[in-house]
Q: 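Below: one structure in structure tokens.
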Amino acid sequence: MKILLVFAALVAAACSEQLFVGDQVLRITASDEEQITLLRVLGEQAELQVDFWRHPTSPGQPADLRVPFLSLQAVKIFLESNSISYSIMIEDVQELLDEEKKTMTKSRRVERSTSTFDFASYHTIDEIYYWMDMLVDDHPSLVSKIQIGQSYENRPLYVLKFSTGGSNRSAIWLDTGIHSREWITQATGIWTANKIAKEYGQDPSVTAILDSMDIFFEIVTNPDGFAFTHSSNRMWRKTRSINPSSHCVGVDPNRNWDAGFGGSGSSSNPCSETYHGPYAHSEREVKAIVDFIRGHGNMKSVISIHSYSQMLLFPYGYKRAPAPNYQELNELAKKAVSDLAAVYGTKYTYGSVVDTIYMADGTTIDWAYDNGVKYSFTFELRDTGRYGFLLPSTQIIPTATETWPALLDIMVHVLEHPY
Amino acid sequence: AAMELPSSHYSATRAAALAAGYVCYRRGSPGRGLALRAVRRASRQDIDDVGHKYHLELVLEDVLDKDSTVNCTAEVLYHLGNKNIAPAVQFTIEGELKNTDEADNIFYSRIKSLEKELVAENIPDSHGSVSPEMEPIRLLAQVASGYVIWQNSTENTKFQLAQIKHVKQVKRSDDCLEFDYMILLHEMVSQDIIPWQMTVLWHPQHGVQVTQDSCQPKHALE
């Protein structure tokens, strides 16, 4: 008989089905010490099988008691005859459990598909890394995830590779989030990566590009900084590397590249937001990209995405002399910002970094350009200062949507001008 | 001799940002914020022994109603030598600005009738959200920061209000509203985030006044 009981209990536990039908949770408030004692005695009645979710401690403090269906009448009579006030907090515990199970199953189902990912909110690093895996799962023959290195704090540096095959094809590099406080960029990166995956086989331009070229997309280019913007300082820009001679942390990853490194368009002060670092490529986050692009050997375009200012910029930042193909870059930028403006009327300015924004030494695109990547651009996304780095999440999808045709213009141009 | 500048050149856009900040300060209120929409034309004159004078044709937009824009001409003179003198700014707005008396009075009455002094922080929050009740508080900070920006700008700076870290209403015996703000300014050239304290006075009929302001040490942020 005992074995049967144990067996039944095990089966019930395994199924966790229908064990709490009709059970209620009562919120009881004892008015004096005597009532507290009575409640304790009630709890000790083994045959009633009640259990306190919140124990009676002192008069006036609520206690919560789960009462099995079969004991309800007895318990309520006890409380009422002793003038202990109570209310029904949960009418049917099983109903609540069923509801919860449904919700949990639903959200697990929801998370399994990129088509229900919330592109209109800002996400944490874990959420983004989780979404990346989903993207790969959803498009296994097009998208893969590569790790190109580790950050200073040993976070993985992931790059999404979009490829339809071939071997070491000409490629386009995109990065977002190199400056961690520029949250609109990582958010735009996610939307854009998803768009590329979705449009292959649908949009003629995307299809043409991916049929002969690869795209490499690093979305969280500065993961340590990004984690820090979530945990401690929303306005953090740099990496989180420790500077041995200073209490100030971090190097500006967009002044750390070996192109005009260390010049006046950057700072030698570790406490500065534009600190270039002890030497070029000192930052693991930068070195990983340098090694990757060098090792790849066939990168035809580097597009680095920042915010804010609404600008489309090209080399140089470290010198005033115009880039050799200045005309071509200027024309392409002009077309791209025009197509961007056509979406919602958002006005961008364009030009070389040094003319349009300021002298900047050791930047990503100058390094890429000086290393043979003819089509190197920096975007500065929305807005122009009203919200600045704190761009409302309601603007994520509009920003990504309008930037898309501009990105496509550049990528199509790269495709049509092989070198 | 005046030299025409490309409207996208950084020297033009810095002067324009300064001018827009100044205009916002002089014409703004909790019911009206003005921001720079575009630079239509810009030229620069180097005046010996005086400084650099920029002549600008700007388009300003109403922050609360993006479709509402006005043209504005402005002159900005950055003084040579003594960097402690604020640049001189003069401007003319073409046409009328929307009347904001109603919005201003509603805000004024609302604050006046609060039982406890208003206190708030992180406007906008990390996700860029500003609650509707805090919008006028934010605009007031925008207007007041225009004064701070004007007073502290040079040809090598471009300031924007990045965030209100903290705001506290200060009780007053007269009719004015007083707020003690701790704001973050973003300086574009150095990319610095600079905490700045400002004491702001406002009354619907008297405009915005910054009675006290001071730059705070950077570690005030952490």
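Basis for what follows: all heavy atoms, side chains included, without hydrogens, waters or symmetry-related copies. We name chains A, B, ... by the order of the sequence lines, and we start the count at 1 in each one.
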Q: Given a strict heavy-atom distance threshold of 4.5 Å, which part of B/D125 is in contact with chain A: side chain, backbone, both, or neither?
A: backbone
Q: Under a 4.5 Å cutoff for heavy-atom pairs, which residue among A/Y350, A/W183, A/Y308 has the most contacts with chain B?
A: A/Y308
Q: Within residues 390-401 of chain A, which positions have a heavy-atom distance to chain B below 4.5 Å?
A: A/L390, A/L391, A/P392, A/S393
Q: Tell me, please, whether A/W236 has A/R240 positioned over its six-membered ring: NZ or CZ under 6.0 Å from the ring centre and within 45 degrees of its axis?
A: yes
Q: Pick one of side chain, backbone, both or neither for B/S126, based on which atoms fall under 4.5 Å of a heavy atom in chain A.
A: both
Q: Answer yes or no: is there a side-chain heavy-atom contact under 4.5 Å between A/Y318 and A/T363?
A: no
Q: Under 4.5 Å from any heavy atom of chain B, what part of A/Y122 do you find: side chain, backbone, both or neither?
A: both
Q: Relative to each other, are the rings of A/F226 and A/H230 parallel, tilted or perpendicular (30° and 60° limits)?
A: perpendicular
Q: Does NZ in A/K319 sit with more than 12 non-hydrogen atoms of other residues, nucleotides or ligands closer than 6.0 Å?
A: yes
Q: For B/F107 and B/W202, take the angle between the two ring planes, folded into 0 to 90°, and tell me which bin it lands in: parallel under 30, tilted 30 to 60, perpendicular over 60.
A: tilted
Q: What part of A/S309 gets closer than 4.5 Å to chain B, counting heavy atoms only: side chain, backbone, both or neither?
A: side chain
Q: Side chain, backbone, both or neither: which part of B/V39 has an atom under 4.5 Å from a heavy atom of chain A?
A: neither
Q: Using non-hydrogen atoms and a 4.5 Å limit, figure out which bit of B/R37 sits close to chain A: side chain, backbone, both or neither.
A: neither
Q: On the ring face of B/Y54, is B/R41 found with NZ or CZ under 6.0 Å from the centre and within 45° of the axis?
A: no
Q: At a heavy-atom separation under 4.5 Å, does B/A35 approach chain A through its side chain, its backbone, both, or neither?
A: neither
Q: Side chain, backbone, both or neither: which part of A/R234 has an atom under 4.5 Å from a heavy atom of chain B?
A: side chain
